[in-house]
Each structure stands twice: as C-alpha cells, then as structure tokens.
Amino acid sequence: MYLISETTKEEREAIVRESLGNIEASCDGCMSGLAEMYQDYIDGKRELREINMEFNARYVKGEDMPGRERCVYGK
C-alpha cells in the first residue's frame, strides 16, 4: 500500500502514472478523468483506498435502477 505519509508527491505522481498507463489520455480522453480522480492522492489530501471506495460506491445494481425489473420467470 502506498500511503501518503510514506511517499513524496513525486512518488505519488509516478504511482498514479504507472497504474493508469497513458496518463496524457492522448488516445480517446477517457484516461484524463481517471487521472483527475486521483489528484487528491497526488496532492496528499486523500488516500488511494478512500478514492477507490468512493468510486466503487457509485455503481448501482441493475435491479435497483428505475425502469429495470427483475426477471419474473426465474422465481
């Protein structure tokens, strides 16, 4: 684990860059959003675990989404 207290800003930038690969997002722009998501970690404001937990919490199960019903045949 790469804790803020155990790394420098330069090391955190390298960790994010290596983890994401093409951080410049020259391919299709998708990586720039991910790079921005980890800026708080790079700046020493929030740990990676906290950022990842927040990101994962945004997913909603399909059955919980409005307009999506469970399959009645499987019951």
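All residue numbers in this chain count up from 1 along the given sequence. As the structure is a prediction and not an experimental result, all values here were calculated from the model.
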Which value, rounded to the nearest 0.5 Å, describes the distance between [X] atom [atom1] and [Y] atom [atom2]?
X: Y2; Y: E11; atom1: OH; atom2: CD; answer: 10.0 Å
X: Y41; Y: E13; atom1: OH; atom2: CD; answer: 11.0 Å
X: I15; Y: L20; atom1: CD1; atom2: CG; answer: 11.5 Å
X: E6; Y: R12; atom1: CD; atom2: CZ; answer: 11.5 Å
X: E36; Y: I42; atom1: CD; atom2: CD1; answer: 10.5 Å

Cluster companions of M53 among Ile, Leu, Val, Met, Phe, Trp, Tyr (side-chain spacing under 4.5 Å):
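Cluster partners of M53: none, it stands alone.
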Looking at residues at least two apart in the chain, or sitting in another chain, which of them share a side-chain hydrogen bond (donor to acceptor under 3.5 Å, both in side chains) with [X]?
X: R49; value: none
X: Q39; value: D43
X: D40; value: none

Would you please name every residue forming a side chain to side chain contact (heavy atoms under 4.5 Å, CB included) with E50, sequence neighbours left out?
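If we apply the side chain to side chain contact (heavy atoms under 4.5 Å, CB included) test to E50, skipping adjacent residues, the hits are R46.
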Can you name the residues that form a side chain to side chain contact (heavy atoms under 4.5 Å, CB included) with S5, not counting sequence neighbours?
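Side chain to side chain contact (heavy atoms under 4.5 Å, CB included) check on S5 returns L3.
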